[in-house]
Colleague: 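Below is one structure. I have some questions about it.
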Number of protein chains: 2
Amino acid sequence: MGNDMAEAEPTAKRRVTIREVAERAGVSMATVSRVLSGNHPVPASTRARVLRASRDLDYVANAHARALVGGGRKMVAVVLRQVTSPFYAQVAEGVEAEAASRGWLCLVGTTGGDPQRELEFVQLMREEGARLVILVGGVVEDDAYRERVAHYAQALDSAGARLVLCGRPAPDPDIPALVVEFDNEAGAHAITGHLLSAGHRGIVFLGGLPGNTALDARVAGYRAALAEHGLPPEAAHVVDCGLGRAAGHRAMTQLLKETPDFTAVFAGDDMVAAGALRAIAEAGLRVPDDISVVGYNDIPLAEDFNPPLTTVRTPAEELGRAAVRIALRDPEHAAGAHHLLGTHIVVRDSVQPPPQAPRDAAPDRPH
Amino acid sequence: MGNDMAEAEPTAKRRVTIREVAERAGVSMATVSRVLSGNHPVPASTRARVLRASRDLDYVANAHARALVGGGRKMVAVVLRQVTSPFYAQVAEGVEAEAASRGWLCLVGTTGGDPQRELEFVQLMREEGARLVILVGGVVEDDAYRERVAHYAQALDSAGARLVLCGRPAPDPDIPALVVEFDNEAGAHAITGHLLSAGHRGIVFLGGLPGNTALDARVAGYRAALAEHGLPPEAAHVVDCGLGRAAGHRAMTQLLKETPDFTAVFAGDDMVAAGALRAIAEAGLRVPDDISVVGYNDIPLAEDFNPPLTTVRTPAEELGRAAVRIALRDPEHAAGAHHLLGTHIVVRDSVQPPPQAPRDAAPDRPH
DNA sequence: GTGAAAGCGCTAACAA
DNA sequence: TTGTTAGCGCTTTCAC
């Protein structure tokens, strides 16, 4: 059916352009552009011919040429440490969903936690003309960070783009960046309270990462809750092992060997909790009978841990959605704004009152 | 230091162009282009001045303009159902890593399993000039699918781009597409054999998805293993509940109520296994004492299930890396090629010989 | 070594 | 209603 294209010389790896469509339809390029954009009145008959030609040739517009003259495609970029982290993946999904629902293209980049790659990616997004750049995840807030972010913000802003900091602080309230994050301190406070209410007094925080804003806030919430229950500052025991399943496993193994005087663990996030749970099981101890464990984030599989994990639910997808929604809703007003999203505890089976008798420091592992 | 920029008129939301850099450096645009591209000899003194100006102005090239005249940025696009699936996320991470290591930009798009969105995304990638498009994940192979993919392949190819099918079949070996996938049948065969060797004879496959190529292959491997052990075809019991944790939970709950005559479950993937494990626990039964369970994919958290899951390891990240490596390695030769990646069993604690006495159909749930 | 000029594919005035 | 024209920001001959 009408594929006289076969006669045409082999278009050796060249995209078909608007000019070819115009020729085939017997109209000018401008007319083709008009029917394709659909923002200009064109009689149905011409319109049909153009559409027909475009379809026959399987024409797709060159987005770059279009971007050059028009404003460019509406594009949002999310930058994460890694997509394989369940929490980050959910945030990305939220951004993607909200962006897609508005007809925006979403690009996700990963840095592996390397500031250099982050910088390169932001640079890339500037080149590509992203209108919205969302940086996700806690960071250590040092001078280098502050300088970097100030630069991003200024550069993006002067190009008419917007910067959103998701779960990380703005170095300065005057900077043209929007921050959206969870109330880490409140969440940590609440879950620590949950442990305290169950009767625990020896609670260790596993997964500190000094300088990291998200973790520092959780530690602060933890300390505050301890203090409120009348415990002395020394009651706080923070293990700075960082995040990740492996770190949690390693630190917990060590802790069990060296420090017998605790009955509960507050893991910095659910992945740390997973590692801790595993280490406890390997040591022949049971959760929650011997030790109670709580996590943070409520990743989708937290319910499948052994035992199902009591944790703090941080609606990650909503965080992503909120980031783009707020940034797009009120562009001018958004700059410099700070939005705190709430969290709540999800009670499952990993917490119980502490056992009566203290356990041995390093019990024999059943074989 | 040297920020006489402050004197310049406010560049009201306009990106700085190469012309401004040229003016500031007192050279022509061509010269700026040359030093920035670095592919043309330029005296060190001029070079320094240009670099200086470029830095002062915080210039970044307009990628669209560049793409228009040059070949455009090397960009690979991965298309997945969703990033929050641990398996897909790992594949994406592999693609991203391999692409980044070669200086390619990686864009990930999600479809939610909707062919329409898939089509739109591929179209978008054509517009953006992606040089490599990777479609990931099994599909139901119907006529619509075959037609769609044939179209993608032809369109991409005629624009000089490449199409990779990851874990899904090429509708026709002559099509200019590369397929890279795991040997699902072999993996399923092996793990079914593992269950059979443990003494199980009543093994149900949970998570069939008729028409889906990946699942069909696993079912085929399952049936083949059964047959090899001398079991009649009726011994196969496939529950077509589809994938996902929720589906697995629902189907398993139902199965426990209605069908008491099985001792092991082969879940279509680890998420289904998670749901099944949960359902079994809710029914007051124990794994592996009462029922053995195996999964598929070995997602990172499979080890943290209750009990740790015996499953088939499909190196997802390697799948992603292989896809780009193969596609980029031997462009001409790659078209039409079919690469099968191997898998292996990971033995953990969810399999044990079947119990002696048959269990009740629907034991009382402990409350 | 460096500048002038052409043109990538497209859209948006401006004419007709 | 439709065509002609002038760029968008950049790279790349081709002269000088």
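Values below: every heavy atom of this structure, side chains too, minus hydrogens, waters and symmetry copies. Treat the numbers as computed from the prediction; the structure is a model and nothing was measured. Just so we're on the same page: letters track the sequence lines, and every chain starts at 1.
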Colleague: Could you work out which one of D:dT4, C:dC10, C:dG7 sits closest to the side chain of B:Val69?
Modeller: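 Looking only at heavy atoms from C-beta outward on B:Val69, the closest nucleotide is C:dG7.
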Colleague: Taking CE from A:Met29 and P from D:dT4, how many angstroms apart are they, rounded to a whole number?
Modeller: 11 Å
Colleague: Starting the side chain at C-beta, find the nucleotide from D:dG3, C:dG3, D:dT2 nearest to B:Arg34.
Modeller: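 Closest of the options to the side chain of B:Arg34: C:dG3.
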Colleague: Both A:Gly70 and B:Leu36 contact DNA chain D. Taking the nearest nucleotide for each, which residue is further toward the 5' end?
Modeller: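 The residue mapped nearer the 5' terminus is A:Gly70.
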Colleague: Closest to the A:Asn62 side chain: C:dC10, D:dT11, D:dT4?
Modeller: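 The answer is C:dC10.
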Colleague: CD of B:Glu128 versus C1' of C:dC10: gap in Å, rounded?
Modeller: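 To the nearest whole Å, that distance equals 14 Å.
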Colleague: Starting at atom CD of B:Glu20, determine the distance to atom C1' of D:dC8, rounded to an integer number of angstrom.
Modeller: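 B:Glu20 atom CD is separated from D:dC8 atom C1' by 14 Å.
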Colleague: Have a look at A:Ala61 and say if it touches a base, only the backbone sugar-phosphate, or nothing, with a 4.0 Å heavy-atom cut-off.
Modeller: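 Result for A:Ala61 = sugar-phosphate.
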Colleague: Do any side-chain atoms of residues 100-108 of chain B form donor-acceptor pairs under 3.5 angstrom with protein atoms, and if so which ones, sequence neighbours left out?
Modeller:
residue	atom	partner	partner atom	Å
B:Ser101	OG	B:Glu98	O	2.8
B:Arg102	NE	B:Glu98	OE2	3.0
B:Arg102	NH2	B:Glu98	OE2	2.9

Colleague: Which nucleotide, D:dT2, C:dC10, C:dG3, lies nearest any side-chain atom of A:Pro43?
Modeller: D:dT2
Colleague: In whole angstroms, how far is the P atom of D:dG9 from the CZ atom of A:Arg126?
Modeller: 15 Å
Colleague: Tell whether B:Arg47 reaches the base of C:dG1 with its side chain through a donor-acceptor pair below 3.5 angstrom.
Modeller: no
Colleague: In whole Å, I'd like the distance from the NE2 atom of A:His40 to the P atom of D:dT1.
Modeller: 9 Å
Colleague: By nearest heavy atom, map B:Arg19 and A:Thr31 onto DNA chain D; which one lands nearer the 5' end?
Modeller: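 Per heavy-atom nearest nucleotide, the more 5' residue is A:Thr31.
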Colleague: Using a cut-off of less than 4.0 Å, is there contact between a side-chain N or O of B:Thr17 and OP1 or OP2 of D:dC8?
Modeller: no
Colleague: With a 4.5 Å cut-off on side-chain heavy atoms, are A:Val179 and A:Arg168 touching?
Modeller: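 A side-chain contact is absent here, since even the closest heavy-atom pair is not under 4.5 Å.
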Colleague: Expressed as a whole number of angstroms, how long is the span from A:Glu23:CD to C:dG9:P?
Modeller: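 Atom-to-atom, A:Glu23 to C:dG9, this comes out as 13 Å.
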Colleague: Is any side-chain N or O of A:Thr46 closer than 4.0 Å to OP1 or OP2 of D:dT2?
Modeller: yes
Colleague: Does the side chain of B:Arg81 come within less than 4.5 Å of B:Thr110's, by heavy atoms?
Modeller: no
Colleague: Would you kindly compare B:Arg49 and A:Leu68 by the position of their nearest DNA chain C nucleotide and give the one closer to the 5′ end?
Modeller: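 With B:Arg49 and A:Leu68 compared, the 5'-side residue is B:Arg49.
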Colleague: Answer yes or no: is there an ion pair linking B:Arg73 with B:Glu128, defined by an N-O contact shorter than 4.0 Å?
Modeller: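 Not counted as a salt bridge, because no side-chain N and carboxylate O are separated by less than 4.0 Å.
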Colleague: Look only at the side chain of A:Arg15 and the backbone of B:Arg126, and say whether a donor-acceptor pair between them is shorter than 3.5 Å.
Modeller: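 At least one qualifying donor-acceptor pair exists.
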Colleague: Between A:Asp56 and A:Arg24, is the closest basic N to carboxylate O distance under 4.0 Å?
Modeller: yes
Colleague: When the distance from CZ of B:Arg15 to C1' of D:dC8 is rounded to whole Å, what number comes out?
Modeller: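 After rounding, the reported distance stands at 12 Å.
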Colleague: I want to check one thing: is the phosphate of D:dT11, taken as OP1 and OP2, less than 4.0 Å away from some side-chain N or O of B:Arg66?
Modeller: yes
Colleague: Over how many whole Å does the gap from A:Asn39 atom CG to C:dA12 atom C1' extend?
Modeller: 10 Å
Colleague: So what does B:Ser33 hit on the nucleic acid, given a heavy-atom distance under 4.0 Å: a base, only sugar-phosphate, or nothing?
Modeller: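 Since a base atom lies under 4.0 Å of B:Ser33, the category is base.
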